[in-house]
Asks: 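Before we start, here is the structure in question, set down as structure tokens.
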There are 2 protein chains.
Amino acid sequence: MPVPAPQKPPAKPARLSAARRTALLKALADPRRFALLESIAKAGCPLGCAQALATLPIAAATLSHHIKELESAGLIHVRREGKFHFLTLRPGVLQGLISVLSALETIPTPTT
Amino acid sequence: MPVPAPQKPPAKPARLSAARRTALLKALADPRRFALLESIAKAGCPLGCAQALATLPIAAATLSHHIKELESAGLIHVRREGKFHFLTLRPGVLQGLISVLSALETIPTPTT
DNA sequence: TCGATATTTCGACAACTATCGAATTGATTA
DNA sequence: TAATCAATTCGATAGTTGTCGAAATATCGA
């Protein structure tokens with residue numbers, strides 16, 4: 001019986017472009033946005049905007065701005081459900097960034 | 001005979017503070033700086049400013065600025081030797097950041 | 001439809017930053 | 001000491017971005 005050709009294993013992250021890498025790093029480099037990501041991660045389930053807002057000392061307009069940044073950087077997914085929006089981490093994205101960063105350190109300790 | 005208390009093993013990365021994490025991410029979030037880091041990493045040995053400058057389309061003043069940023073973020077070490085300055089990656093720093101980032105993704109895929 | 005609630009958009013402002021040329025500092029060499 | 005070369009500092013500028021209040025948009029419930 002014909003064995004199906006081995007497909008791409010689970011989810012090959014597909015090397016990050018420089019532009020995308022920069023976009024991710026910029027999105028992560030704001031403390032509020034990072035805190036927001038942490039809230040989403042800790043929630044373990046889609047986080048509503050109201051809950052997100054409760055964890056940050058910022059105005060709703062500012063939260064909306066940061067959500068847009070995180071979304072367009074591809075770090076989160078926003079499920080829009082009527083009046084409410086729910087935030088989840090996009091899996092694998094950070095892993096791609098981590099790969100790029102660890103590649104920088106592959107060459108051990110150059111003679112100082 | 002008194003056994004010396006077990007010392008801290010090689011180099012415990014010592015959890016990154018939020019401020020430091022943000023500083024690192026900001027330093028990495030500039031494309032020129034990232035390219036500079038890549039040059040340093042690829043060199044495998046301390047990189048002179050002149051060589052660094054050759055790899056980037058920027059003025060010397062701008063390079064100097066970026067070097068200062070990377071240095072004060074703790075990402076590189078600058079050995080000043082007379083007229084010349086040599087750049088090396090500080091080992092382990094990126095690894096600390098990587099740990100923080102991967103901690104965000106520990107919780108797998110929340111129900112979208 | 002009307003009012004309440006959730007989120008976004010708009011307009012503005014302040015702070016920050018990347019960039020450069022010119023001037024400066026510091027070290028080497030003639 | 002004078003000239004030269006490497007790198008930094010200074011001053012200025014343009015572009016970016018985080019922040020907010022107010023207004024707009026969208027959804028839901030009465």
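In what follows, chains carry the letters A, B, and so on, assigned in the order in which the sequence lines appear, proteins first and then strands, with residues in each chain numbered from 1. These numbers come from a predicted model, not from an experiment. All values below come from the heavy atoms of this structure, side chains included, with hydrogens, waters and symmetry mates left out.
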Asks: Here's a test for you: under side chain to side chain contact (heavy atoms under 4.5 Å, CB included), which of A/V93, A/L87, A/L97, A/L36 qualifies with A/L75?
Replies: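 Exactly one option meets the side chain to side chain contact (heavy atoms under 4.5 Å, CB included) with A/L75, and it is A/V93.
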Asks: Return no unless some side-chain N or O of A/R80 is found under 4.0 Å from OP1 or OP2 of C/dT8.
Replies: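 Checking C/dT8 against A/R80, a side-chain N or O does come within under 4.0 Å of OP1 or OP2.
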Asks: Rounded off to whole Å, could you give me the CZ-to-P distance for the B/R33 and C/dA18 pair?
Replies: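 Going from CZ in B/R33 over to P in C/dA18 covers 4 Å.
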Asks: Please give, in whole Å, the distance from C/dA18 P to B/I58 CD1?
Replies: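 Computing the B/I58:CD1 to C/dA18:P distance gives 11 Å.
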Asks: Between A/P57 and A/G82, which is nearer to the 5' end of DNA chain D once each is assigned its nearest nucleotide?
Replies: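 First, find each residue's nearest nucleotide; the 5'-ward one identifies A/P57.
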Asks: Which whole-number value in Å describes the distance from B/I67 CD1 to D/dT8 C1'?
Replies: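 These atoms are roughly 10 Å apart.
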Asks: Return the value, rounded to whole Å, for the distance between atom CZ of A/F84 and atom P of C/dA4.
Replies: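 Rounded to whole Å, this separation is 16 Å.
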Asks: For residues A/H66 and A/R32, is any side-chain donor paired with an opposing acceptor at under 3.5 Å?
Replies: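 Note: A/H66 and A/R32 side chains miss the donor-acceptor criterion.
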Asks: Identify whether any heavy atom of B/A59 sits under 4.0 Å from a base atom; if not, whether one sits that close to sugar-phosphate; answer base, sugar-phosphate or nothing.
Replies: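 It contacts sugar-phosphate atoms only.
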Asks: Report yes or no: does B/S39 contribute a side-chain atom to a donor-acceptor pair with the main-chain N or O of B/A35 at less than 3.5 Å?
Replies: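 Checked: pair present.
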Asks: With nearest nucleotides of DNA chain D determined for A/A60 and B/F86 from heavy-atom distances, which residue corresponds to the more 5′ nucleotide?
Replies: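 The 5'-side residue here is B/F86.
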Asks: Any side-chain N or O of B/K83 under 4.0 Å from OP1/OP2 of C/dT25?
Replies: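 No, no such contact exists.
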Asks: What is the distance from NE2 of B/H85 to C1' of D/dA7, rounded to the nearest Å?
Replies: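 Distance check: B/H85 NE2 to D/dA7 C1' gives 6 Å.
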Asks: Does any N or O in the side chain of A/R20 come within less than 3.5 Å of the main-chain N or O of A/A73, such that one atom is a donor and the other an acceptor?
Replies: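 The answer is yes, because a donor-acceptor pair under 3.5 Å joins these two groups.
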Asks: Answer yes or no: does a side-chain N or O of A/R32 lie under 4.0 Å from OP1 or OP2 of D/dT19?
Replies: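 Indeed, a polar side-chain atom of A/R32 lies that close.
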Asks: Whole Å only: how far is the CG atom of B/D30 from the P atom of D/dT16?
Replies: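 Whole-Å distance recorded here is 13 Å.
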Asks: On the nucleotide D/dG18, are OP1 or OP2 found under 4.0 Å from the side-chain N or O atoms that A/T62 carries?
Replies: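 For D/dG18, OP1/OP2 do not have a side-chain N/O of A/T62 under 4.0 Å.
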Asks: At 4.0 Å (heavy atoms only), tell me whether A/A61 reaches a base, stays on the sugar-phosphate, or touches nothing.
Replies: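 Since a base atom lies under 4.0 Å of A/A61, the category is base.
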Asks: Between B/L70 (CG) and D/dT8 (P), how many Å, whole number?
Replies: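 These atoms are roughly 12 Å apart.
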Asks: Is there a side-chain contact between B/H65 and the phosphate of C/dA18, meaning an N or O under 4.0 Å from OP1 or OP2?
Replies: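 Looking at the OP1 and OP2 atoms of C/dA18, one of them is under 4.0 Å from a side-chain N or O of B/H65.
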Asks: Students often get this wrong, so: under 4.0 angstrom with heavy atoms, is B/L63 touching a base, only sugar-phosphate, or nothing?
Replies: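 The answer is nothing, as B/L63 stays clear of every strand by at least 4.0 Å.
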Asks: Tell me if a side-chain donor or acceptor on B/T62 pairs with a main-chain N or O of B/I58 at a distance below 3.5 Å.
Replies: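 Looks like no, no N/O pair under 3.5 Å.
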Asks: With respect to the phosphate group of C/dT19, does any side-chain polar atom (N or O) of B/H66 fall under 4.0 Å of OP1 or OP2?
Replies: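 Yes, within the criterion.
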Asks: Provide, to the nearest angstrom, the distance between the CD atom belonging to B/Q51 and the C1' atom belonging to D/dA6.
Replies: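 About 13 Å, once rounded to whole Å.
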